[in-house]
Structures are given as C-alpha cells and as structure tokens.
Chemist: 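What follows is a single structure, and I will ask about it in a moment.
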Amino acid sequence: MAGMMDRRRMLGVSAGAAAATVIGAATAGQAAATPGHRLPPVPGMKGDRWANEFWYAFDQATWHEASQEFKDAWAAVKAYFDGGDAELAMVLAWMEDMQSPSYPAGYVNLVTPIKEPLRVVSRIQLEVFDRFYPLHHPHSRDRLATAFADFGQGVLYDPRIEGVHSMNGQPAPAGYHIWHAILRAQTFLGIDAWKWQIIDPMVGLGWGLQSIAKPSQKEWNPPLPRHVVREQSRKWLRRSPRELDRAFLSQPYPEDNPGGNPAEAQAQLFTGKTVR
C-alpha cells in the first residue's frame, strides 16, 4: 500500500512494553545490535543497513512487487469507498468519529464490512515486520523503534530508490495520519491487534521526528541531535492508544511540535473537518 499511497505508508502488547524503549543512546542511523552485517553491502547506501533493507522490503511487498492477493485486498477496500480515495475517506471518518462521545462505535461500524481485506493487508505487511523485527522479542522492538526514528529523520539513503526511506508529502506527510487511522481500524476489528498496538507509538515517533527534521526526500539528511531524539522517543513511545488518538487529531504537525512555525501550524492535511 505504500506505493499506492505515493509512499504514504499505512500501517494501535501493551503501551508499557513500547514505553521501555528510549531511542537516541546511539547515533541515529547507526543503531547498535542490528544484524545488518548479514546483508551484502550496497555501494552508496547511508544509515543502518538493516533498517534500509526493512523499508526497502516493505515497499517491495506493498508496492513494487505486491502480490495479487495484496492488490485484490486493497482493490476491495477502494471498491467499498466507491473506488475513491479510501485512505482519505478512512482518516476523515476516523477524525470525525474520534470527536464523538460514542467513539469508536461509528468508525467500527464503517470498517467492519472490509474486515477481511484489511486482514489480508495486515498479514502481508506484518510478514515484513516479523522477518526483520520479530515483535515478540523486546530487543527487536527497540531496533524497530530506531528504524522508525531513522525513517522520520531521513537518514536512510538507499541508492536503489535514489533517495531516502521517509514519508512523502507537502506541506507535511499525510501518511502518518493515514497509517494511524488504518491500523486503528485493524486494532478495533481484532486484526493482529497486539502487534499494531506496539507499532502505533512508533508511527507517532516517526511523525514527531519528521515534523522537526523536515528532511529532504532525495538526499541524505544529518541526524537530529541525540537529546531531541531521546525526548521525542520518551514522549511518543509511552503514549496509550487513546493518547495517540488525541495526538493524531493535530495536523499537519504535532500540537507541541518544538520550534514549530505558527503559520505552518495553520495548514491542514485533511480538509472538510474541524480539528481541535
């Protein structure tokens, strides 16, 4: 789905498990204890080898070399939304229902008819996660959080894509909000819920760091200062699903984005709904 969304990757076993991770002890893009040495070197690649390969494999599985099963599942989701922009429809519906006292009842009712296609999407995406960062292992979760931090900062330059593994979009990436809305649908429907609850705070971490770094999509970007990465890690990885819901109502950047530009904060990624 990454490619189907112009690289707006979509992706909420407990909040406590994710909270144990604090990124930034090592230099961003060069996390310790990753098994990147098992992979052949790629001339010109910058940043963590294993994280680069993970995001590359994720794109292959959900875009460049997506299976017919994956394509059919996402086609079913699009058909349910009359062939329109399913990602936009889902994030707008989630935002609207999030502000209702009955949340998540309305959103659950909306997405229940597409439970089986979303189950296929989840399985294929998580096959990539589990191959690189098995979520049952706490150390692997730490490394996955670092991969999201590197993704947000734009420090993973991959010559195979002639750019960095990061989220596209102007004025800011819409993909983090879309990913959150879709994984919340999967969570509410009981689709691999414990895994998506681990991943969701990492999606927030990627968004938080990218909102600060505003990295180039074509060239390698220097990492943010370690203390910034640590602070963002502590904030995002400790958030509960409900806290993440509230945070993702802000757009285009987190409400408490450090050093944010007030003019930029007035921009909206998704129109038609009043947020906050």
Side-chain angles (χ1 to χ4, degrees), residues 1 5 8-19 21 77 86-112 114-115 118 121-122 125-126 135 141 144-145 148-149 152 167 169 172-212 231-258 260 265 267-276:
M1 203 124 3
M5 300 187 305
R8 295 174 294 169
R9 293 178 179 80
M10 42 161 246
L11 283 178
V13 84
S14 67
T21 302
V77 174
E87 299 93 353
L88 178 61
M90 289 181 73
V91 75
L92 286 176
W94 168 77
M95 282 184 164
E96 181 177 34
D97 195 49
M98 172 60 197
Q99 299 170 89
S100 166
S102 63
Y103 176 79
Y107 192 52
V108 172
N109 288 338
L110 173 72
V111 298
T112 294
I114 52 174
K115 180 176 181 178
L118 288 178
V121 169
S122 174
Q125 288 181 326
L126 288 173
L135 291 172
R141 296 178 203 170
L144 178 58
F148 268 94
M167 197 74 79
Y176 292 108
H177 289 75
I178 292 169
W179 207 346
H180 175 75
I182 294 175
L183 72 82
R184 288 300 270 154
Q186 292 164 326
T187 300
F188 291 138
L189 295 174
I191 300 171
D192 303 306
W194 73 270
K195 292 185 176 181
W196 291 121
Q197 285 175 335
I198 291 173
I199 293 169
D200 197 13
M202 301 180 193
V203 175
L205 175 61
W207 177 43
L209 289 171
Q210 188 158 349
S211 297
I212 299 169
E231 289 168 359
Q232 291 294 305
S233 173
R234 291 190 184 98
K235 178 174 71 174
W236 286 102
L237 299 180
R238 291 187 169 112
R239 281 179 164 161
S240 68
R242 187 67 178 185
E243 289 171 334
L244 289 165
D245 275 343
R246 288 194 293 269
F248 272 104
L249 279 181
S250 179
Q251 57 171 317
Y253 305 114
E255 189 175 47
D256 57 352
N257 184 28
Q268 285 197 339
L269 296 169
F270 310 103
T271 58
K273 296 289 182 288
T274 300
V275 180
R276 293 200 183 274

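Because the structure is a prediction, the values reported are computed rather than measured. This chain uses plain numbering: 1 for the first residue, then up along the sequence. Values reported hereafter were calculated over all heavy atoms of this structure, with side chains retained and with hydrogens, waters and symmetry mates removed.
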Chemist: Please check: side-chain N/O of Gln251 versus main-chain N/O of Leu269, any donor-acceptor pairing under 3.5 Å?
Modeler: yes
Chemist: Tell me the closest heavy-atom pair linking Leu118 and Ala185, and the distance in Å.
Modeler: CD1-CB, 4.2 Å
Chemist: Identify the heavy atoms of Ile191 and Lys115 that sit nearest to each other, and give their distance.
Modeler: CD1-O, 3.5 Å
Chemist: Would you say Ser233 and Arg238 make side-chain contact, with heavy atoms under 4.5 Å?
Modeler: no
Chemist: For residues Ser122 and Asp192, report the shortest heavy-atom separation together with the two atoms involved.
Modeler: OG-OD2, 2.6 Å
Chemist: So which heavy atom on Ala145 is nearest to which on Leu205, and how close?
Modeler: O-CD2, 3.8 Å
Chemist: Could you go through Gln210 and Phe148, starting from their C-alpha distance and side-chain angles, then the distance that decides it, and tell me whether this counts as side chain to side chain contact (heavy atoms under 4.5 Å, CB included)?
Modeler: CA-CA 10 Å; Gln210 188 158 349; Phe148 268 94; over 6 Å; no
Chemist: As an exercise, state the distance from CE of Met90 to CG of Leu110, rounded to the nearest 0.5 Å.
Modeler: 7.0 Å
Chemist: For the pair Ser240 (side chain) and Glu243 (backbone), establish whether a donor and an acceptor sit closer than 3.5 Å, ignoring hydrogens and angles.
Modeler: yes
Chemist: Testing Asp245, Val91, Ile199 for side chain to side chain contact (heavy atoms under 4.5 Å, CB included) with His180, which one passes?
Modeler: Asp245
Chemist: Does any non-hydrogen side-chain atom of Trp236 lie less than 4.5 Å from one of Val203?
Modeler: no
Chemist: Can you list everything that forms a side-chain hydrogen bond (donor to acceptor under 3.5 Å, both in side chains) with Asp97? Sequence neighbours excluded, please.
Modeler: none
Chemist: Would you check if Leu244 and Pro201 make a side-chain contact, meaning some heavy-atom pair closer than 4.5 Å?
Modeler: yes
Chemist: Ignoring hydrogens, what is the shortest heavy-atom contact between Ala247 and Arg239? Give both atom names and the distance.
Modeler: CB-NH1, 3.7 Å
Chemist: Can you tell if the side chain of Gln186 reaches within under 4.5 Å of the side chain of Val111, non-hydrogen atoms only?
Modeler: no
Chemist: Taking the side chain as C-beta and beyond, is there a heavy-atom pair between Gln232 and Leu237 under 4.5 Å?
Modeler: no
Chemist: Rounded to the nearest 0.5 Å, how far apart are CG of Leu135 and CD1 of Ile198?
Modeler: 5.0 Å
Chemist: Hydrogens and angles aside, do Ser211 and Asn257 bring a side-chain donor and acceptor to less than 3.5 Å of each other?
Modeler: no
Chemist: Where do Leu249 and Met98 land on the side chain to side chain contact (heavy atoms under 4.5 Å, CB included) test, with the steps shown first?
Modeler: CA-CA 8 Å; Leu249 279 181; Met98 172 60 197; 3.8 Å; yes
Chemist: Run the ring-centre check on Phe248 versus Trp207 and record whether the distance is less than 6.0 Å.
Modeler: yes
Chemist: Does any non-hydrogen side-chain atom of Trp94 lie less than 4.5 Å from one of Phe270?
Modeler: no
Chemist: Which atom pair, heavy atoms only, marks the closest approach of Gly208 to Pro254?
Modeler: CA-CG, 4.1 Å
Chemist: Give the ring-plane orientation class for Phe188 versus Tyr107, where under 30° counts as parallel, over 60° as perpendicular and anything between as tilted.
Modeler: perpendicular
Chemist: Between Met95 and His177, is there a side-chain heavy-atom distance shorter than 4.5 Å?
Modeler: yes
